[in-house]
Amino acid sequence: MHNEKPRHYLAQFYGANDNPHERHRKVNLVARAVYPRAGVKSFASLQVRIVGLRENGAIIQSSAIDFLPDHFYICLGEGEIFLTCAKRNVMQAEMAVSFSQPVETPFIEALSRISFPLSTLKRMDGYCHPAVQARIVRSRRGA
């Protein structure tokens, strides 16, 4: 971890409550990183694989990880769940990110139990853990 100035103004708020000794849960989830295009009022997306997850952040992998800006969203499913992220540490084809707000522990534990990473949340509707199910239902209502 470097003691450099955050590259994005929101990054200074992320990770304030991070415990550096807290371990990520191993996961294997396919998601999209969604980010605004420079100079255009539209968004671009990049497929990423989430390989580590905890309440305050994640570890993601992608062959095009360098294209992600300092601030972006991880989208699970077909737009059902969004997590606001900021870059923390970039390694070759892998990035550690912090979430803008901690995610509930039951939700993280439920995601770590998903054994079919390529399934969409829509297809998992009714079959996944109640903590994930609650987020999907809330998202559909616009909350």
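Values below: all heavy atoms of this structure, side chains included; hydrogens, waters and symmetry mates excluded. Heads up: numbering here begins at 1 and tracks the sequence.
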Linked, directly or transitively: Val51 and Val48 (ILVMFWY side chains, under 4.5 Å): no

Ser42: partners by side-chain contact (heavy atoms from CB on, under 4.5 Å), with sequence neighbours left out: Arg37, Val40

By side chain to side chain donor-acceptor pair (under 3.5 Å) - contacts of Glu109 (at least two apart): none

Spacing of Lys26 atom NZ and Ile59 atom CD1 [to the nearest 0.5 Å]: 10.5 Å

ILVMFWY clustering at 4.5 Å (side-chain atoms), partners of Phe67: none

Heavy-atom check, side chain of Leu46 versus side chain of Phe72, under 4.5 Å: no

Nearest non-hydrogen partners of Arg54 and Ile108, listed with the distance: O-CD1, 3.6 Å

Rounded distance (nearest 0.5 Å) linking atom OG of Ser100 with atom CG of Asn56: 10.5 Å

Nearest heavy atoms of Glu55 and Glu104, plus distance in Å: CG-C, 4.5 Å

Co-membership, hydrophobic cluster, residues Leu83 and Val27, 4.5 Å side-chain: yes

Contact check, side chains of Gln61 and Gln92, non-hydrogen atoms, under 4.5 Å: no

Results of side-chain contact (heavy atoms from CB on, under 4.5 Å) for Ile65 - residues two or more places apart only: Ile60, Ser62, Leu68, Val90, Met95

Hydrophobic cluster membership, Val103 vs Leu111, 4.5 Å side-chain cutoff: yes

Smallest separation among heavy atoms of Phe99 and Gly57, with atom names: CD1-N, 3.4 Å

OH on Tyr35 to SG on Cys85, rounded to 0.5 Å: 14.0 Å

Partner set under side chain to side chain donor-acceptor pair (under 3.5 Å) for Ser45, not counting sequence neighbours: none

Considering all heavy atoms, the nearest Gly52-His24 contact: C-CD2, 3.8 Å

Met91 to Ala96 - nearest heavy-atom pair and separation: CE-N, 4.3 Å

Residues which pass ring-ring contact (aromatic ring centres under 6.0 Å, His included) with Tyr73, listed by chain and number, not counting sequence neighbours: His71

Test item: Ile74 and Ile50 side chains (from C-beta on) under 4.5 Å apart, heavy atoms: yes

Derivation of the side-chain contact (heavy atoms from CB on, under 4.5 Å) call for Arg88 and Val97: CA-CA 5 Å; Arg88 287 194 57 209; Val97 299; 5.6 Å; no

Note, Gln101 side chain near Thr84 side chain (heavy atom, < 4.5 Å): no

Minimum-distance pair of heavy atoms, taken over all atoms of Ala31 and Cys75: CB-O, 3.4 Å

